[in-house]
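Numbers restart at 1 for each chain; the letters A, B, ... are given by sequence-line order, proteins then strands.
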Number of protein chains: 2
Amino acid sequence: MKQQAIFRALADPSRRRILKLLQKGSMTAGELAHTFDFTQASLSHHFAVLKVADLVCTERRGQNIVYSLNSTVFEDMARLVMDLFAVQEERKK
Amino acid sequence: MKQQAIFRALADPSRRRILKLLQKGSMTAGELAHTFDFTQASLSHHFAVLKVADLVCTERRGQNIVYSLNSTVFEDMARLVMDLFAVQEERKK
DNA sequence: TGTATATTTAGATAAGTATCTAAATAATGT
DNA sequence: ACATTATTTAGATACTTATCTAAATATACA
């Protein structure tokens with residue numbers, strides 16, 4: 001798990017918005033791009049950052065590339081946050 | 001809660017390291033600075049970012065300024081992460 | 001009040017990031 | 001093979017951020 005990549009990816013509001021859009025189901029790069037005012041190229045850059053962080057999966061379907069949430073990273077993320085805020089004294093083991 | 005401030009603050013590894021140090025208990029700015037190779041001025045900048053995000057609290061004690069984790073933000077953070085990864089279909093209500 | 005210590009603020013610079021336009025890649029249909 | 005559509009990559013530019021040095025502020029103590 002690439003901790004730095006995940007945190008970096010989440011730092012941008014557009015990328016968080018992409019993740020929220022993908023909650024409703026997979027979307028193609030083009031569909032996602034339509035909901036933004038940026039160029040498709042800019043969005044593509046954001047996709048790349050999300051992919052490096054393993055936050056999304058891609059799958060080509062014909063001419064389109066379909067993006068979807070990689071929910072397995074959710075556990076990782078939860079652990080990261082827990083880890084960051086858990087107070088030392090409260091740790092058992 | 002300042003969502004953007006929180007995510008931005010967590011994006012930097014030094015700041016995450018500061019948070020982890022504070023898990024063991026409060027520390028003065030100077031003590032924290034000693035554990036880094038940066039100048040105290042640079043660290044002070046990081047403290048400011050963490051403070052804007054409400055991730056730490058400060059209290060002056062004589063000449064020192066004592067930093068401690070603001071654990072109340074933990075809930076907020078957890079909610080943010082949940083919110084980002086929860087799949088829409090699974091939402092009840 | 002003056003000096004020492006702790007911390008922050010200001011201003012500069014270098015590195016990183018977001019966005020754009022234009023060009024490249026890949027699949028589809030004729 | 002060629003034109004069309006979807007997406008990414010490359011290169012440029014503007015903006016933001018991390019870090020530094022030097023100066024400013026605040027407290028403590030003599």
Side-chain angles (χ1 to χ4, degrees), chain A residues 2-22 24-70 84, chain B residues 2-22 24-70 77 80 84:
Chain A
K2 310 128 183 175
Q3 178 164 352
Q4 177 55 28
I6 293 181
F7 279 117
R8 176 179 177 278
L10 295 179
D12 185 276
S14 300
R15 288 193 288 263
R16 293 199 302 275
R17 194 173 131 200
I18 292 172
L19 291 176
K20 294 212 62 103
L21 283 168
L22 292 179
K24 302 182 198 134
S26 312
M27 291 174 80
T28 68
E31 287 169 342
L32 283 167
H34 279 132
T35 74
F36 286 85
D37 285 338
F38 305 131
T39 64
Q40 196 150 10
S42 297
L43 261 291
S44 191
H45 165 255
H46 285 305
F47 298 154
V49 175
L50 289 168
K51 228 153 66 173
V52 165
D54 252 340
L55 291 168
V56 297
C57 325
T58 63
E59 172 201 0
R60 179 175 278 280
R61 197 172 299 165
Q63 278 168 291
N64 301 305
I65 293 192
V66 181
Y67 281 87
S68 46
L69 260 197
N70 176 6
L84 222 40
Chain B
K2 311 128 182 176
Q3 179 163 351
Q4 178 54 28
I6 293 179
F7 279 117
R8 177 179 178 279
L10 295 179
D12 185 276
S14 300
R15 287 193 289 263
R16 293 199 301 276
R17 195 173 130 200
I18 292 171
L19 292 176
K20 295 211 61 103
L21 283 168
L22 291 179
K24 303 185 200 130
S26 313
M27 289 176 80
T28 68
E31 286 169 343
L32 283 167
H34 279 133
T35 74
F36 287 84
D37 284 337
F38 305 131
T39 62
Q40 195 150 10
S42 297
L43 261 290
S44 190
H45 165 254
H46 286 305
F47 298 154
V49 176
L50 290 169
K51 228 154 65 174
V52 165
D54 252 339
L55 291 168
V56 297
C57 324
T58 62
E59 172 202 358
R60 178 174 279 281
R61 197 173 302 163
Q63 277 167 291
N64 302 304
I65 293 192
V66 180
Y67 281 87
S68 47
L69 261 197
N70 175 8
M77 262 309 296
L80 283 183
L84 220 40

Is it true that a side-chain atom of [X] and a backbone atom of [Y] form a donor plus acceptor pair closer than 3.5 Å?
| X | Y | value |
| --- | --- | --- |
| A/His45 | A/Ala41 | no |
| B/Asn64 | B/Val66 | no |
| A/Arg15 | A/Arg8 | yes |
| B/Gln4 | A/Ala11 | yes |

task: Answer yes or no: is there a side-chain heavy-atom contact under 4.5 Å between A/Phe36 and A/His46?
output: no
field: Heavy-atom check, side chain of A/Asp54 versus side chain of A/Ile6, under 4.5 Å
entry: no
task: Describe the nucleic acid contact of A/Phe36 in one word from base, sugar-phosphate, nothing, applying a heavy-atom distance below 4.0 Å.
output: nothing
message: Going 5' to 3' along DNA chain C, between which two nucleotides do contacts with chain A fall, using a heavy-atom cut-off of 4.0 Å?
response: C/dT17 to C/dT28
query: Which letter, B, S or -, goes with each nucleotide of nucleotides 24-30 of chain D from 5' to 3', with contact meaning a protein heavy atom under 4.0 Å?
result: --SBS--
message: Within this structure, what is the OG-CG distance for the pair B/Ser14 and B/Leu32, rounded to the nearest 0.5 Å?
response: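 Between atom OG of B/Ser14 and atom CG of B/Leu32 there are 11.5 Å.
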- prompt: What pair of heavy atoms forms the shortest contact from A/Gln63 to A/Arg60, and how long is it?
  reply: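 For A/Gln63 and A/Arg60, the tightest heavy-atom pair comes out as O-NH1, 3.5 Å.
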message: Please give me the minimum heavy-atom distance between A/Ala33 and A/Leu43, naming the atom from each residue.
response: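 Where A/Ala33 meets A/Leu43 most closely, the heavy atoms are CA-CG, 4.1 Å.
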- prompt: Which of these, A/Thr58, A/Ile18, A/Leu22, sits in a side-chain contact (heavy atoms from CB on, under 4.5 Å) with A/Leu50?
  reply: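 Checked A/Thr58, A/Ile18, A/Leu22 against A/Leu50; only one passes side-chain contact (heavy atoms from CB on, under 4.5 Å): A/Ile18.
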Side-chain N,O (B/Arg8) to OP1/OP2 (D/dA18) below 4.0 Å: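 For D/dA18, OP1 or OP2 has a side-chain N or O of B/Arg8 closer than 4.0 Å.
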task: Check DNA chain D against residues 39-47 of chain B and give the residues with a non-hydrogen atom under 4.0 Å, in numerical order.
output: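 B/Thr39, B/Ala41, B/Ser42, B/His45, B/His46, in order of number.
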